[in-house]
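As a basis for the values below, the full set of heavy atoms in this structure was taken, side chains included, without hydrogen atoms, waters or symmetry mates. Per chain, numbering begins at 1; letters A, B, ... match sequence-line order.
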Amino acid sequence: MTDALPKTYDPVGTEARWQRAWESSGAFHPDPGAAGEPFSVVIPPPNVTGSLHMGHGFEAALIDAIVRFQRLRGRNVLCLPGTDHASIAVQTLLEKQLKAEGTSRHELGREAFLERAWQWKAHSEGTIKGQLRRLGYSLDWQRERFTLDEGCSAAVVEAFNRLHEQGLIYRGEYLVNWCPASGSAVSDLEVEMKEVDGHLWHFRYPLSDGPAANGRTHLEVATTRPETLLGDTAVAVNPADSRYADLVGRTLTLPLVGREIPIVADDHVDPEFGTGCVKVTPAHDPNDFAIGQRHDLPLITVMNRDGTMNEAAGRFAGLDRFEARQAVVAAMEAEGFLVRVEPHRHSVPFSDRGKVPVEPLLSTQWFVTAEPLAARCRDALDHPAGAAPRFVPERWEKVYRDWLTGIRDWCISRQLWWGHRIPAWFVVSETGGAITDSTPYVVARDEAEAMAKAEAQFGGGTHAHPVVLEQDPDVLDTWFSSGLWPFSTLGWPETGAADLQRWYPTSVLVTGFDIIFFWVARMTMMAGALVAEGGGDPAAWMPFRDVYIHGLVRDENNRKMSKSAGNGIDPLLLIERYGADALRFALVREVAGAGQDIRLDYDRKSDTSATVEAARNFANKLWNATRFALMNLGGETPASLGEPDATLLQQEGRPLQLADRWILSRLARVNGETAERYASYGLGEAAKGLYEFAWNEVCDWYLELSKRRLQVPAELEGPAREAALADQRSARQVLAKVLQELLVMLHPLMPHLSEELWHGLSGEPDATFLALQHWPQADDAALDEALEASFAELIEAIRVVRNLRAVAGLKPAQPAPVQFVTGRGELAALLQEATADITALTRAESVAVLSPDQLEVSRGGAGGQRRALAGVCGELQVLLPIEGLVDLDALRGRLEKDLAKAEKEIKGLAGRLANPNFADKAPPAVVAECRANLAEAEAQGELARKRLAELG
RNA sequence: GCGCGAUUAGCUCAGCGGUAGAGCGCCUGCCUUACAAGCAGGAUGUCGCUGGUUCGAACCCGGCAUCGCGCACCA
């Protein structure tokens, strides 16, 4: 960097340069053997379904801020990237493509289809990696993983085998959520309830053996799904319902089908709802399935897997389920069984991915027994040493715990091709070469092991035929492999793996609340079963110490940004316009507390964002502040200048001025606060604090105050020159130190800009990175609360002068005399010490600090100052004796405003003090403060009145 | 139905017991050699409604309303 820096910061070239430098030097590729306490994060692997949107950018900004901070703190940091194969999502996407091409996966065949899926993966992964790099994410690309890569796949096979050995995986025929669109079972979590305007059809089911004692000839049932009546195997009533007590045990004749079905009594039925009679279709409804089990009812499946009716549906066979609904209703009506139809709003389960209603369908699937795994996780939350994991914000712990309580078994098989093939082999030689529900199977690590197991069990002896195996064609739920992510990526099941030893458990998981069940809970459950190896302290096996839950990015209309909603914004669009640092800073700065959603304002017509633009302006501000420093440090660096010593005062030879001591105190305080905020996930607060410090304190005040000291007039000679040079040097030292430290503190949020400016300032070679420096030790000796308070008063005094000048309509360049009047000795001393600063910042012609007595004397003498412009702040009276230049009306207006303000304050404070309870019960300090404020306000009001009177 | 969150300046949001804040936008002056992506000054609020606790409530507690989210779900 040279002295001739451009006036505006150009992020695009700079960012690319540092991204290349960091990566090619292996800056973020840690050695497990290196020193430093380990700190590790595995990133939530994005799906290889295309590209990333702003939500990913937001998450990246948060994670990177955390890991970069920890790196600066000297930790041995690993931040491991990767992607997820997203079984259903990718397969759906590919099938859509194939359909558009007029073909299908079945026409292509499994092998060719998978070939294509891998091509797609390579394409999508390339896009995603490009995006992550452009964000400046400090990832270890050499450790990049993919859920379907060799190592992760081996981990999946091992996990499946171990869980099976532990008796936690079973195969069985149950009602599952069947998604006809993808042709696969899905888990409970992949089902979304949606409110739909439907109908409630009331039907009559006649008693088969004649009228009841009370003359009743039929029962009336209601349903939202008439097509399922073809599979009814009972009608249920509440056992306590006296209306039907005598009918329990008798039978009804199912219309259209003619089947005799029993009337059963079951607690599930709410006698208050409808007629109190419920048709029971155990093979097509989860509640009915449960009733069916209790009453040992037959299961009659009337649908095929593609959502059409099957042979059991008789004359309706072949119809789509929704066509069948119409047809059944029409037939019921024609045959006189339809009582009435009423509109009915109700919830319908939809498949998350397929966007069609799921069909509860009886099928044979693989399941994970969830309760024992969940129990271990619940215990970890109640561990005496503290909840594991620790949720930030805390409230999410309850959400996590509630889900783990009363958990249902997890259906893990999917009738898809893209994914981890289930490591189970059917011994088809036992069932005539075909896979049926009764075909025996073996679970194994590979085919050879499967064969050995199968031969031991089924070979030789009485079996004359050779053992023939066929691997289960299904794949596992994507979340099965995602559940292993924190340890499969580090080398598990190889427990001796160096990375696993060094970085497991990981330090923090950063993710959105929308996948606490899908992913967070699955990881903790998997770790409990696979890593814990028999329990123990959860701190040893829980895959992360903390879980930091962030909110979602919403668009300008407060809608969640997502690809499916079509409102996602490509982060690259904003990066190209404003720079990655600006985008990152804008996103993080929006975070309040934690876990709150953020709204990114964005104009889709112009692709602009006021929020990001403000962050870009901040970057430019820092750029220019550093540019100013480079122009004024005389070619020196922070290192060559050395540390300023805040404990030495001007008289003792090192001319540290008021402003120096003030900014060094502020710096030390901001350093401590910022470190604390970063460490406790207060990222938004850290960003806001640094923004305010950099802009409102360093740039607006310190930098302005340093200007007059950085220039030593050529005409100075002798001791005066010596003094000016010494003062210049200390201003240089302080300026250099403050800026350099500020850049380090900003680095986690704005890595490229800070890296660039830090190099410019420090003159360090390109190969030395700010990213790998140490967080500066806060100089606690520089902290001076009283000084900070005094300086705030000084700033206020200068503001009043500026305000008066503005009211008077003085041209900025026009000098004017300034008088301060105060009876407070230490305030007078402060103003006296800062005379040169005040002069510089207010264009003062002269600065006088007077006591009230002195003022009276001077006014009595000169006589011509009665119409001075006057203002007050605190106990300080500020006068601009510039009669003749002043607009009297403006002057009066200003004074009236002061007076009104003072009177309003007096009223409030006096009211409070007049309440006897206040003096009695409020803390003495508060009462004293109130009295002081009242006295001050009264003094202010008095002054204003007096000046107004003088104006006549 | 149960639970969670939100409701503060025109907009986006801080503040969470002691006299209401920021950024953007708006108004008025300034091209003052770090920055016009800037500088200086200014205006702007019955802090959703309603009870209560307290000397004192935007802040704590109870209701209500509106918006959003999660879980469960009666055919």
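Scanning atom types as modelled, one donor and one acceptor separated by under 3.5 angstrom connect the side chain of A:R616 and the base of B:A37.
Contacts of A:R799 classified as salt bridge (Lys or Arg N to Asp or Glu O under 4.0 Å), with partners at least two apart in sequence or in another chain: A:E796. When the salt bridge (Lys or Arg N to Asp or Glu O under 4.0 Å) test is applied to A:E190, the partners found at least two apart in sequence or on another chain are A:R414. By the ring-ring contact (aromatic ring centres under 6.0 Å, His included) test, A:Y578 pairs with no residue at all, sequence neighbours left out. Considering only residues two or more places apart in sequence or on other chains, A:T608 meets the side chain to side chain donor-acceptor pair (under 3.5 Å) condition with A:S606. In this view, A:D197 and A:R345 satisfy the salt bridge (Lys or Arg N to Asp or Glu O under 4.0 Å) rule, not counting sequence neighbours. For A:D266, the salt bridge (Lys or Arg N to Asp or Glu O under 4.0 Å) partners at least two apart in sequence or on another chain are A:R294.
Separation of the A:W396 and A:F391 ring centroids does not fall under the 6.0 Å cut-off.
We find that CZ of A:R554 is positioned 13 Å from P of B:U12, with the value rounded to whole Å. The distance from atom CH2 of A:W403 to atom P of B:A72 is 10 Å, rounded to the nearest whole Å. The nearest whole Å value for the distance from the NZ atom in A:K688 to the P atom in B:C13 is 11 Å. For A:L934 and B:U19, the CG to P distance is 14 Å, given to the nearest whole Å. We find that CD1 of A:I549 is positioned 18 Å from P of B:C69, with the value rounded to whole Å. A straight line from CZ of A:R599 to C1' of B:C67 spans 11 Å, rounded to a whole angstrom. For the pair A:Q940 CD and B:U19 P, the interatomic distance rounds to 15 Å; values are reported in whole Å.
Only the P atoms considered, B:C59 is 11 Å distant from B:G18, to the nearest whole Å. Across the C1' atoms, B:G1 and B:G48 are found 25 Å apart, a figure rounded to whole Å. Distance noted for atom C1' between B:C2 and B:C11: 35 Å (whole Å). For the P atom pair drawn from B:U8 and B:C13, the interatomic distance equals 10 Å after rounding to whole Å.
A:S347 comes within 4.0 angstrom of a base, heavy atoms only.
When only modelled atom types and interatomic distance are considered, A:Q711 and A:N632 share a side-chain donor-acceptor pair under 3.5 Å. At a cut-off of 3.5 Å, with distance as the only test, a side-chain donor of A:Y602 or A:D607 sits close to an acceptor on the other residue.
Looking at the side chain of A:R799, the nearest of the listed nucleotides B:C73, B:G41, B:U12 is B:G41.
The salt bridge (Lys or Arg N to Asp or Glu O under 4.0 Å) contacts involving residues 908-937 of chain A comprise nothing, where partners must be two or more places apart or lie in separate chains.
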Restricting to nitrogen or oxygen on both sides, can you table the protein-nucleotides 25-35 of chain B pairs closer than 3.5 Å?
| from | atom 1 | to | atom 2 | distance (Å) |
| --- | --- | --- | --- | --- |
| B:A34 | OP1 | A:K707 | NZ | 3.3 |
| B:A34 | O3' | A:R627 | NH1 | 3.4 |
| B:A34 | O2' | A:N624 | OD1 | 2.6 |
| B:A34 | O2' | A:R627 | NH1 | 2.3 |
| B:A34 | N7 | A:K707 | NZ | 3.3 |
| B:A34 | N6 | A:C699 | O | 3.3 |
| B:A34 | N6 | A:E704 | OE2 | 3.1 |
| B:A34 | N3 | A:N624 | O | 3.2 |
| B:A34 | N3 | A:A625 | N | 3.4 |
| B:C35 | OP1 | A:K7 | NZ | 3.3 |
| B:C35 | O4' | A:N624 | OD1 | 2.9 |
| B:C35 | O4' | A:N624 | ND2 | 3.3 |
| B:C35 | O2' | A:N620 | ND2 | 3.2 |
| B:C35 | O2' | A:N624 | ND2 | 3.4 |
| B:C35 | O2 | A:K621 | NZ | 3.0 |
| B:C35 | N3 | A:K621 | NZ | 2.8 |

Under 3.5 Å, which protein N or O atoms sit close to an N or O of nucleotides 55-58 of chain B? Give each pair with its distance.
| from | atom 1 | to | atom 2 | distance (Å) |
| --- | --- | --- | --- | --- |
| B:C55 | OP1 | A:K921 | NZ | 2.7 |
| B:C55 | O4' | A:N917 | O | 3.4 |
| B:C55 | O2' | A:N915 | ND2 | 2.8 |

Contact list (N/O, under 3.5 angstrom) for nucleotides 4-7 of chain B vs protein:
| from | atom 1 | to | atom 2 | distance (Å) |
| --- | --- | --- | --- | --- |
| B:G5 | O2' | A:Q596 | NE2 | 3.1 |

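Counting only heavy atoms from C-beta outward, the side chains of A:E756 and A:W623 approach each other to under 4.5 Å.
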Give every donor-acceptor pair under 3.5 Å between a side-chain atom in residues 270-280 of chain A and any protein atom, sequence neighbours left out.
| from | atom 1 | to | atom 2 | distance (Å) |
| --- | --- | --- | --- | --- |
| A:D270 | OD1 | A:E272 | N | 2.9 |
| A:T275 | OG1 | A:E220 | O | 2.5 |
| A:T275 | OG1 | A:C277 | N | 3.3 |
| A:K279 | NZ | A:T228 | OG1 | 2.7 |
| A:K279 | NZ | A:D232 | OD1 | 3.0 |
| A:K279 | NZ | A:T281 | OG1 | 3.0 |

Taking Watson-Crick and G-U wobble contacts under 3.5 angstrom, with | marking pairs to another strand and [ ] crossing pairs, the secondary structure of RNA chain B is written ((((((((.[[[[.)..(..]]]].(((((.......))))).....[[[[[..)....]]]]])))))))....
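Between the side chain of A:H284 and the backbone N or O of A:E359, no donor-acceptor pair lies under 3.5 Å.
In this structure, CG on A:L552 lies 6.5 Å from NE2 on A:H550, to the nearest 0.5 angstrom.
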